[in-house]
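I have placed the structure first, in the form of C-alpha cells, so that the comments after it can refer back to it.
Counting begins at 1 with the first residue of the sequence. Treat the numbers as computed from the prediction; the structure is a model and nothing was measured.
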Amino acid sequence: MNDKSDKRFRVANHEALIGIALVLINFLWWYGFAFGLGGQSVTDYDWILGMPAWFFYSCIVGFLLMVILVIAVVKLLLTDIPFDDEEGDHE
C-alpha cells in the first residue's frame, strides 16, 4: 500500500493539526489571564471565590473551557478510522 494515497494518513494529519490548535488555544487563554491580570500588586487583585481573578480565569475557567472544547472536537470533528489494512490490499 502506498502511504501517500492512504486516506488514514490524511485524516491523522488533519486531526493532529486540530490537537495543536487546541493546545495553542489553551496556552494563549492561560497566558493571557495569568500574566494579563496577574501582573499587578497583590493588594490590587480582584478576588473570586477566595482566589485571585487571574488564577480563577486562567486555571479554573480555562480548564472548564478546554474540557468543553475537547468534547466538542471529539464528537464533531474527529473520525473513527480502522488501523488494519483494507480487505483487498493483502499480498
Once you round to the nearest 0.5 Å, how far does CG of L64 lie from CG of L69? 11.0 Å
Shared hydrophobic cluster, I18 / F27 (ILVMFWY, side-chain heavy atoms < 4.5 Å): no
Examine distances only and state if a side-chain atom of E15 and a backbone atom of R10 form a donor-acceptor pair shorter than 3.5 Å. no
Backbone of Y57 reached by a side-chain donor or acceptor of W29 within 3.5 Å: yes
Nearest-0.5 Å distance, CD1 of residue I81 to CG of residue L78: 10.0 Å
Group every Ile, Leu, Val, Met, Phe, Trp and Tyr by side-chain heavy-atom contacts under 4.5 Å, then state whether V70 and L65 land in the same group. yes
Step through the shown structure and confirm whether more than 12 heavy atoms of other residues, nucleotides or ligands are within 6.0 Å of CG on D44. yes
Starting from I48, can I reach F33 by hopping between I/L/V/M/F/W/Y residues whose side chains sit under 4.5 Å apart? yes
Of the non-hydrogen atoms in M66 and N26, which two are nearest, and what is the gap between them? CG-OD1, 3.3 Å
If hydrophobic clusters are built from ILVMFWY residues whose side chains come within less than 4.5 Å, do Y45 and M51 share one? yes
ILVMFWY cluster, W47 and V61 together (side-chain gap under 4.5 Å): yes
Is F35 close to W30 at the side-chain level, that is, under 4.5 Å between some pair of heavy atoms? yes
When you measure from the side chain of N13 to the backbone of F9, do you find a donor-acceptor pair of N or O atoms at a distance under 3.5 Å? yes
Looking only at heavy atoms, the pair that brings S58 and A34 closest together is CB-N, 3.8 Å
Can H14 and L77 be said to form a side chain to side chain contact (heavy atoms under 4.5 Å, CB included), step by step? CA-CA 10 Å; H14 181 258; L77 298 177; 5.7 Å; no
